[in-house]
Structure formats: C-alpha cells, structure tokens
Amino acid sequence: MNPTMKAALFASAVAFASGPLLAAGTHPVTGEALADEQVFTYRVLDEHTSVDPQLVEDVSGSEIVRDLFEGLYNQDAQGNLVPGVALSHTTNDDKTVYTFTLRDNAKWSDGKAVTAGDFVYAWRRLADPNTASAYQWYMEVMGIKNAGPVMAGEMDPSELGVKAIDDTTLEVTLENSLPYFALTTTHTSTFPSPSWAVEAHGADWIKPENIVVNGAYTLTEHVPNERLVRERNPMYWDNADTILEKVVALVINDDSVALTRYMAGELDRTEIPSGQYPQLKESHPDETVVFPRLCSYYYMFNLRDDGPEALKDKRVRQALSYAIDRDIIVDNVLQGGQTAAYTFTPGATANFTVPAVDYSTMSQADRDAKAMELMAEAGADNLDVTLVYNTSEGHKKIAIAVSQMWKQKLGVNVTLENQEWKTFLDTRGQGTYEVARGGWCGDYNEASTFLDLVQSGSGYNDSKYASEQVDALLAAAKTSDNPQPNYTRVEEIIADDMPIIPIYHYAGNYMIKPDLKEWPIQNVEQNWYSKDLYKVAK
Amino acid sequence: MLNLILRRFAIAIPTLLTLTIITYLLMHSAPGGPFTSERPLPPQVLANIEAKYGIDQPLYKQMWNYIVGVVTQFDFGPSFKYKDQTVNEIIARGLPVTLTYGVLSFLAAVLVGIPLGIFAAIRQNTAVDYFANAFAIVAQVLPNFVLGPLLILFFTLWLGWLPGGGWNGGYWPHLIMPVIALSTSYMASVTRIMRSSMLEVLRSNYIRTARAKGIPEHIVIIRHALRPAMLPVISYLGPVFVGMITGSFIVDSVFSTGGLGYYFVNAAFNRDYAVMLGVTLLLGALTIFFNLLVDLLYGVIDPQIRY
C-alpha cells in the first residue's frame, strides 16, 4: 500500500468514524441542524430565594431547582405528567395510598443511586418544623398523613405518611382520598435531597462547591444578584438525550434594560415590558410569544363585619362588577393577550370548563343597564369607595380605568390609594380596606387552587367571604373523581354573591429568540425544563 | 490630630449603637414583616419560621442578640429572603463592587470636573466656557435612571461596544457605563462650583497684586489662585465621596452590578431585617470613617484650620 492510498484510506476511516459525531450536530428526532453553542441565557427579575428544593419559595428559584433536581414526575410541553425519577405509580381503591416505582438508573451527581429513601428524607425535611420551610404547608395540600402534627412539632417527622419499601418503591399514605395526588409531585418542594450532603455542609450544601444534584444540570457558578450558571450533569440518567450544555440566568431588575439587552443579543429570553406587546409584535413577529397563564386578576370587597355597610349589599357588589368593561381593560389598557374574566378560575386550568355564569353571556350594554338598575334598587347613589392597590404603573392604569367606569355609569366616587407591597398585604390581611386589588396564580393545575380562596377558613380569603354552601361543595370536590359540577356551582355562587370581581386572566408575554426551540408555551404553569430545550443553527 | 482621631472613634461607637436601635425600631414599626406574602403562611408555619430566625422573641432581646453576635463574632445573621446567603456573604460580595465603582466615579468627577471648571473660569465667555456650562446644565438635569438606560441603548445596542450589564469580577468593560452614570451629575456640580469659585478668586485683590508684580499668568493660577479656589469644591466633595462609595440603587438595578446600593433599598421593601441592619451599619461606619478623613484633608489644604 503506497503512502497516498494509506492516507486516503485513513481519511475515509476518519470520515466514517466521525459520521455519528456529525450526526450529533442534528436533532436526533427532528433532524434540525443544531447550533454549535448550546447555551441558553435568560433574564430573571430578582435574585432567587434559594436553590434548596425544600426552601425555595419563588418562581425563578423553582425554575433553577427543576434543572438541578428531579422529582417523581416531570411535565411535558403541554403540562402532562411524564416520568421523572418515578416510572409509574399505583393506588389503592379509595386513593389513599400511592405506591411509586422508581427507575433504578437515576444517579446523584456524586454517583450514588437516587433511592426512595432520598424522597422520604426530603419530605420529612420539608415537614420538619426545624427546617422552617415556607412551603411546609404543601405537605398538607398533598394531604400526607400526619403532616399537620409533624409541622406543629407534636409528632416526629418519622411519623409522616411516607416510607421507602425498598430502594425503588416509595409508598405514600394520605389522610383522605386525593384523586389528583400525582399532579402535586411536580412541585419543587417535593424533590429529593441528598441527606449526606445536607448533613455534611449544613446550610452551605447548595453552594456550587458542595452541591449534589440529581437533575439534568449541576450548579457551577452563583454570583448573587448577578448570575447563576448551571451546566450538564453527566451522571443524569437521560444525559444522552439532553442537548443544551449550559444555562445562564442573569438578574436584571429593570424590564426595559432587559429588553435592550435582549435586542443586543445578550439574552435568549426576556419578559415584554407592560404595554409594549403590540409594538414588538409588529416589529419582531417571530420573537414575541403570548400564552395563557394560570393566574387571575381581581378586585375584592371587604366583607368583614366592620367593613363598609354599602358593600354588604350584594346588589351593589354585582353592579360594581357588571359596570367594569373587561374588554376595554384587556384590549385597550393591557394589550398583552390577556382574557376577560367573569369567573375566578381561568379556562386554561386542566379538567376545568368555564361555566357560562349569567353576566358573562350578556352584552356590555346590558350589563351596564343591569348595573344601574341594581344600584337604584339598592338605593346606593353617591356611593364613595376607596380602591387600594400595590404601587405599580400597571395596577394604576387599571384602577383609573375602573374608577372612570364606576363614576360614569354608576356615579360612584372612587378614591384611589396605592401602597407599598408589604404595607398593602398588611392592609388586606388586617381588613382595613374597602375594595382591594388581588392577583392569584395557581400552585398546581387544578381548579381548587383558585376556588380555595373563597372558602371561609382559607388564610388567603382576604375578603372574608363565608358561604356554607361553597364550603360544603369544595370539601366534597376534594375527594370526588369528577369535581367539575361542584366547581361550576361554586363559580355560579361567586358570580351571584360577588365577593370578588374577576377582571382578567393573565397572559405570559415573552421575547424568545427564534433559534431557541421547544419553549413550552402550552404549559400553563410554565414549568420548563432546560433539558427539553435546544438551539438550532441560525 | 491624633486627639481628633481618637475622639471621633470614641463618638463612633455610641453613634453606631444608636443607629442600630433606631433602625431596628423603624423596621419593626413598618407594616408587614419579612414573611408577609401574598400567600399568608399558616400560623404554625409562620411560628416555626419566626422561631428559626429568632424574631419570635421580644424586641429588646432580639436587639441584644444581634449586637452580641456582631460584636463577638462579627456575625450579621442570615438573610431572611435569600436563604442561601448570610448577610456577611452579601456584604463580602457587594462591598468591593460598590467601593470600586464608587471610587472610580469619584475620581472621574474630580479629574474631569476640576480642570474643566478651571479652564472655563480662566477662559470666561469663550467656547471652552460655553461648552463647560452647557455640559454642566445637561448633565445636571439628566437623572441617572434616565442616563443609565440611554447609555445601554447607545453603547450596547447601537454600537455593540460594551456589555449591557453585570459585574464580571470588575472586568473593565463592565465598569465604564456604571461609572459614567454615577459620576456625570457630580462632575457637572464640581465643574460649576470650581468655575464660580475660581472666577471669584481671580477677581480678588491679591491676584491683582500678583499680576501687577508681573508674575506669569499660569503661576498666578497654579500657585496663588488654585488653593483658595479649591476650598468650596473640597467641602462639596466630602459628602459626595461618602455618597458615592456607599453605592447607588439606580446603578445597581440598571446595570445589575450587584453592589450594596440595591440591597440597601430592597431589603427595606422585603423587610429583610438582617440585611437592612447589616448594610445600614456598614454604610454608617463608612460614613463616619470617610467624614473623618475629609476633615483631616481640610487641615492639609487650609492652613487656617488647626486640630
């Protein structure tokens, strides 16, 4: 064999060997050409509270935790459950005992296997009063047996209704039947934590140099209030199918600055500053993204005994609600893809059909006429109300629009009052207001996360509305296989009693670079996982 | 002079103690607390958390524990909001950032403002003077929360020369815009004060005498006019220096620099008691220290001042 031939053969051998490598530059399923640099950089408004699964409280922290740790189930792009550490689960007939089968190939980043015991440790840790997690109560939402007494320190955390049958079998015992229990396991506070790392490093176990993770990414850099970097975890069981190499979260407090930096190519994703959606949609049609979110914007009436007398009359509350032209708020004030709300629960909620409550089917002209009639009947002319909201340009615009509608249609004199956030929460909690702004995002994708707010015992019920009928319907819905009729009835009662005025359902507004694929816009909870995203070649 | 230094340090201790107490009381009198949230915590959970952070105890006891922690272990406690960080860590990370861009901004304001003011004065009613005046007026009316985003628009988006934010360990391209944003309005003030004070000195009798003696103009300016003309600038610069090195909320939020200015303001909104106290105490101590330094500097420049 002469040297030239040898070289040629060698070259073809190299070409052959590198064939699969080149194929790695294309997406294994869609065949799209992938970008060489698989780095996703996105903006966060504020520094996250924690990356400890049991301590994290905020949305941006949970986003990080979903990359660093993996719970029993994940969500797909539509928000459906897909296996995470758990492959499947079974339940007993009355749905009080859930048994999860865990995959045997899940590993922590230090090489240890992820076991059922890691979940038991994490859940006990969450419920333990000494951990003092703000999400302790989530164990009660999940209905785990003995969660209450453990949280109160009356029972040892080992009495919590969760146990490891063996390394790959986790058994959970509930206080009551809970048909949607599996849905609650995508919440970050239920993710496993490595006992050995927590015990060795204490509160410092989540520092990049100490952290042990079981998610697709590990924490490599954290500069508080500036950036957080996570990179591929080679021990992750599905690492071979993960495409993004690196994810960078940049803290940018100012919306407009974030947008400028996005435009300058420093970010792949940012929020659209309020009011700028129509304009950006025009100039960057393939980068603006809008999607419904599991959140509702509403006004609440103070229905406490010492609250304003006039608002105790249901007709006045109805009139004030009817007189708000939600279409104007949504189309002219917000202009960001929000939808008008006549019920509290958003239509985007899973297994929930928005009931056609009476006033939602009327025309605005009819609603206005009815509102005037109701006000006259109630004899509430020259009504004075104070509307309080937390300081923000957005809330102010809506409050001004609403106060004008009330003034023009019903002759109500509205005093607008804005308060700094914590002062505002205090005012609402203490009940020293007449009408107040509220916003609520679901904790999980089920209508009860909204309707619980009108339950008389709920800590979130700031209007202090109390209806025995609503309480009974909601209690029954908890254990029912088909709670929709109960939810429909509750929404009808709210539409009649009107303790709150639903105004609109939120929409998410993002700028996303067109080369970033698979952003789960269909997932109303916006639970996204970096392992599912990828960048195509430009 | 040693006497002055010792006296000042002796006063500093009760001053900081009073600062701690007043801050503590003010914080607690604000409605809401660190754990007030849109999702009110169940009472049991709130109790557990308050116990963990020791804020379930009576106020005087909390205050005492805090002071003991600071004095004996230099421990400013954990952040109530950012669970992964202690106040010591926040300060260790934020203070160098704040000091770096603060000192640089101060130098920029001084090194540009003083010469510009001098030239404007000695070339009164010429192009230099008009430029200096125009600059001073524009720079002064342009607040830094407007200037900052404009800089990013210009240097990052249009020219693509500078990164739009972040600190990156103080790497120089990240410093330019924060320094411009923080220094510009001070630079304008320095220019104006320097100009008017120089004009006044140049009209005084001893300068006329110096000129009459035939001393060259540049020596008149440098040797006879400059020092007295500097005094009003120095007295302006003292508090400005302290203001600059204690950081800026605007700079930190616009440029994501991660300095203490952001924490100082945001800790109040978050009712993050430990962070608020720690940062307040630190900035209080810095203020006291640098005020002393400025006072000592007066003595060097103005021979009429004796300690």
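Sequence lines set the chain letters: A, B, ... in the order given, protein chains first and strands last, and positions in each chain run from 1. Here the structure is a predicted model, which means the values were calculated and not measured.
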Legend entry - Thr131(A) portion near chain B, given a 4.5 angstrom heavy-atom threshold: backbone
Legend entry - Most chain A-contacting option - heavy-atom pairs closer than 4.5 Å, from Gly166(B), Gly258(B), Gly169(B): Gly166(B)
Inset, instruction - Provide the closest heavy-atom pair for Trp137(A) versus Leu41(B) in the form atom of the first, atom of the second, distance. - result: NE1-CD2, 4.0 Å
Legend entry - Part of Glu50(B) within contact of chain A (heavy atom distance under 4.5 Å): neither
Inset, instruction - Sequence neighbours left out, what passes ring-ring contact (aromatic ring centres under 6.0 Å, His included) with Tyr186(B)? Give chain and number order. - result: none
Legend entry - Most chain B-contacting option - heavy-atom pairs closer than 4.5 Å, from Leu55(A), Val223(A), Asp462(A), Asp52(A): Val223(A)
Legend entry - Spatial distance of atom CD (Glu57(A)) from atom OG (Ser37(B)) [nearest 0.5 Å]: 7.5 Å
Inset, instruction - Just jot down the ring-ring contact (aromatic ring centres under 6.0 Å, His included) partners of Phe106(B), sequence neighbours excluded, or say none. - result: Phe241(B)
Legend entry - Gln136(A) side chain to Gln44(B) side chain, donor-acceptor N/O pair below 3.5 angstrom: no
Legend entry - Contacting moiety of Asn266(B), where chain A heavy atoms sit under 4.5 Å: side chain
Inset, instruction - Under 4.5 Å, counting heavy-atom pairs only, tell me which of Met263(A), Met151(A), Glu420(A) racks up the most with chain B. - result: Glu420(A)
Inset, instruction - Would you mind reporting whether Thr49(A) and Phe80(B) have side-chain heavy atoms less than 4.5 Å apart? - result: no
Inset, instruction - Using modelled atom types only, decide if a donor and an acceptor are shared between the side chain of Glu226(A) and the backbone of Trp167(B) within a distance under 3.5 Å. - result: yes
Inset, instruction - Any chance you could measure Asn48(B), atom CG, to Ser133(A), atom OG, to the nearest 0.5 Å? - result: 10.0 Å
Legend entry - Interatomic spacing from CG in Asp204(A) to CD in Glu89(B) - rounded to 0.5 Å: 6.0 Å
Legend entry - Arg93(B) side chain to Pro224(A) backbone, donor-acceptor under 3.5 Å: yes
Inset, instruction - Please say whether the positively charged group of Arg39(B), taken as NZ for Lys or CZ for Arg, lies over the ring of Trp440(A), i.e. under 6.0 angstrom from the six-membered ring centre and within 45 degrees of the axis. - result: yes
Inset, instruction - Kindly compute the distance separating OH (Tyr262(B)) from CD (Glu47(A)), expressed to the nearest 0.5 Å. - result: 9.0 Å
Inset, instruction - Heavy-atom distances under 4.5 Å only: say whether Ala203(A) touches chain B with side chain, backbone, both or neither. - result: neither
Legend entry - Inter-residue atom distance Gln85(B).CD - His222(A).NE2, 0.5 Å rounding: 5.0 Å
Inset, instruction - Kindly compute the distance separating OG (Ser253(B)) from CG (Asn225(A)), expressed to the nearest 0.5 Å. - result: 9.5 Å
Legend entry - Other residues, nucleotides, ligands: >12 heavy atoms within 6.0 Å of Tyr53(B) OH: yes
Legend entry - Val56(A) portion near chain B, given a 4.5 angstrom heavy-atom threshold: neither
Legend entry - Contact winner vs chain A - Ser256(B), Gly148(B), Pro42(B), heavy-atom pairs under 4.5 Å: Ser256(B)
Inset, instruction - Tell me, out of Pro43(B), Ala51(B), Gly32(B), Gly164(B), who's got the most heavy-atom pairs with chain A below 4.5 Å. - result: Gly164(B)
Legend entry - Which atom of Asn130(A) lies closest to which atom of Lys52(B), heavy atoms considered: O-CD, 4.2 Å
Legend entry - Side-chain donor or acceptor of Asp84(B) paired with backbone N/O of Lys207(A) under 3.5 Å: no
Inset, instruction - Measure distances from Pro163(B) to the heavy atoms of chain A and classify the residue's part below 4.5 Å as side chain, backbone, both or neither. - result: both
Inset, instruction - Provide the closest heavy-atom pair for Pro40(B) versus Gly459(A) in the form atom of the first, atom of the second, distance. - result: CG-O, 3.3 Å
Legend entry - Lys/Arg N to Asp/Glu carboxylate O, Asp46(A) vs Lys81(B), below 4.0 Å: yes
Inset, instruction - Under 4.5 Å, heavy atom to heavy atom: which of residues 251-261 of chain A reach chain B? Give them by number, or say none. - result: Val251(A), Ile252(A), Asn253(A), Asp254(A), Val257(A), Thr260(A), Arg261(A)
Legend entry - Proximal to chain B - members of residues 421-430 of chain A, heavy-atom separation under 4.5 Å: Trp421(A), Lys422(A), Thr423(A), Leu425(A), Asp426(A), Arg428(A)
